[in-house]
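Worksheet: the structure to be examined is printed underneath.
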2 protein chains.
Amino acid sequence: MPNTETRDAVLDVAQDLLQTRGLNAFSFRDVAERVRIKAASIHYYFPTKAELCRALIARQRADVKVSLDRIDSDERDANQKLARYVSVFRATLEVGNRMCLCGMLAADVTTLDRSVVEDLRRSFEDHEGWLKGVLDEGKKSGSLRFDASPRDEARLLLSSLEGAMLIARTFEDLRRFETSARHLLAKLKA
Amino acid sequence: MPNTETRDAVLDVAQDLLQTRGLNAFSFRDVAERVRIKAASIHYYFPTKAELCRALIARQRADVKVSLDRIDSDERDANQKLARYVSVFRATLEVGNRMCLCGMLAADVTTLDRSVVEDLRRSFEDHEGWLKGVLDEGKKSGSLRFDASPRDEARLLLSSLEGAMLIARTFEDLRRFETSARHLLAKLKA
DNA sequence: GTCTATAAGATGATAGAC
DNA sequence: GTCTATCATCTTATAGAC
């Protein structure tokens, strides 16, 4: 079996560099140095940068699923679920002023292989699908209020959070994100 | 005097590549080939990539000022002003599925020189300042309605539009942007 | 202003030793 | 699994001819 420890370390470092600098601003050598192996060794786990990307998205989707499942089991009120959801984004920004993994890949989308773009879209759709469910349920239970369809409202919320991260990061100002997120949730509250 | 024609052509091509691929995914050679000069010649106009960046932002800020001034002189209603403002973003996406220049640089922010980051922030502040004015005036005249401060609401609107571009671009789906933008404006309308 | 030539280093990727 | 060695190519940038 492959050495999962090294493989995970490579993914951890690559993810951090990707979220911090962007896909085209870090190299296999950058990753290797931090993992303290040689660049060539990374190719043993991930033959190409595209495969590294796919693995990052796959792991991220699994991690997100765990987070969303936990929110679903912990919270019953839609407002609380959304607040917890937002806190996932804030945590990303909080540690090292990182951009969302998918948001960063979205910026680099034209430089990605076709198959990576497809995975990236599925990842966004994971978020949108969950948000749609929460919004739908919140509207029906009377705890949320909005005029668009749950689908459109979910898309708008995700987009707005991504944009809020992008700009808060530019100003290195976490409070910018927090303020935007607070207003976004307030607008949805019944 | 320097050859303004070539200089402008370099800026045009660099801007397109930047908005399409991102700062770290195009080279002086890429620009040179499209302008049909040699890469070394670009250094005559822009000694470093950072200076090219600064020039792009400076030109963009001037262009945006012209656009916003025109909106101000053409439209009196705040809702109309915002609709025109949104159409500037849509036009960018419409032609070649391009990301906003500043939004793209924001993704690459950690790889930018300090001085470029400062210019980038000023560019965002230009937008936010204008939006704040429109929102303030719209609220006072009774044509707009929102709960946050004009400043926070302006920041949120700009963030949301950037995020909507980012994700619409990922799906190569202009209508995603249009739908999000429509709902954003509807939420503000009194 | 634009070119050729060149530097000095980085990049993704592969072959083959250990 | 990890390494060294190597490849072919690209990158930003500079020097100096034309």
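All chains are named by letter (A, B, ...) in the order of the sequence lines, taking the proteins before the strands, and each is independently numbered beginning at 1. Any value given below was found using the heavy atoms of this structure, including those in side chains, with hydrogens, waters and symmetry copies removed. Note that the structure is predicted; figures quoted are calculated from it, not measured.
When the ring-ring contact (aromatic ring centres under 6.0 Å, His included) test is applied to A/H43, the partners found at least two apart in sequence or on another chain are A/F28. Under the rule for a side-chain contact (heavy atoms from CB on, under 4.5 Å), the partners of B/D12 that lie at least two apart in sequence or sit in another chain are B/R59. Take B/F124 and apply the ring-ring contact (aromatic ring centres under 6.0 Å, His included) test, not counting sequence neighbours, and it matches no residue. In this structure B/S123 satisfies the side-chain hydrogen bond (donor to acceptor under 3.5 Å, both in side chains) test with no other residue, sequence neighbours excluded.
Regarding A/F26, its CZ atom lies at a distance of 17 Å from the P atom of C/dA10, rounded to whole Å. When the C1' atom of C/dT14 is taken as reference, atom CZ of A/F28 falls 12 Å away, rounded to whole Å. In this structure, CZ of B/R21 is placed 13 Å from C1' of D/dC10, rounded to the nearest angstrom. Note: CG (B/N24) to P (C/dT11) measures 11 Å, nearest angstrom. Counting to the nearest Å, the P atom of C/dT11 and the CG atom of A/L23 are 13 Å from each other. One can place CG of A/D30 at 14 Å from P of C/dA13, the figure rounded to the nearest angstrom.
The side chain of B/T6 contributes an N or O atom lying less than 4.0 Å from OP1 or OP2 of C/dT2. One finds no side-chain N or O of A/R29 lying less than 4.0 angstrom from the OP1 or OP2 phosphate oxygen of C/dG12. Between C/dA10 and A/S27, no contact under 4.0 Å exists linking OP1 or OP2 to a side-chain N or O. Contact annotation: B/Y44 does not reach the phosphate of D/dT14 (side-chain N/O to OP1 or OP2, under 4.0 Å).
For the pair A/E153 and B/K187, the salt-bridge criterion is met [side-chain N within less than 4.0 Å of a carboxylate O].
Closest approach to the A/K49 side chain among D/dT11, C/dG12, D/dT2 is made by C/dG12 (side chain taken as heavy atoms from C-beta onward).
Between the side chains of B/R155 and A/S180, no donor-acceptor pair is found at a separation under 3.5 Å.
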- Query: How does each nucleotide of nucleotides 3-8 of chain C score, in 5' to 3' order, for protein heavy atoms under 4.0 Å: base (B), sugar-phosphate only (S), or none (-)?
  - Reply: BBB---
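Sorted by first and then second residue, the pairs that involve residues 139-152 of chain B and meet salt bridge (charged side-chain N to carboxylate O under 4.0 Å, His left out), not counting sequence neighbours, are B/D136-B/K140. Sorted by first and then second residue, the pairs that involve residues 21-33 of chain B and meet salt bridge (charged side-chain N to carboxylate O under 4.0 Å, His left out), not counting sequence neighbours, are B/R21-B/D30, B/R29-B/E33.
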Only distances under 3.5 Å count here; give the side-chain donor-acceptor pairs of residues 166-173 of chain B to other protein atoms, sequence neighbours excluded, each with its distance to 0.1 Å.
{"from": "B/R169", "atom 1": "NH1", "to": "B/T20", "atom 2": "O", "distance (Å)": "3.1"}
{"from": "B/R169", "atom 1": "NH2", "to": "A/A106", "atom 2": "O", "distance (Å)": "3.2"}
{"from": "B/R169", "atom 1": "NH2", "to": "A/A107", "atom 2": "O", "distance (Å)": "2.6"}
{"from": "B/T170", "atom 1": "OG1", "to": "B/L166", "atom 2": "O", "distance (Å)": "2.9"}
{"from": "B/E172", "atom 1": "OE1", "to": "A/R121", "atom 2": "NH2", "distance (Å)": "2.8"}
{"from": "B/D173", "atom 1": "OD1", "to": "B/R175", "atom 2": "N", "distance (Å)": "3.1"}

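Non-hydrogen atoms lying under 4.0 Å from DNA chain D are contributed by nothing in residues 7-15 of chain A.
Using a 4.0 Å heavy-atom distance criterion, A/F46 is classed as making no nucleic acid contact.
Along DNA chain C, the nucleotide nearest A/H43 and the nucleotide nearest B/Y45 are compared for position; the residue whose nucleotide lies closer to the 5' end is B/Y45.
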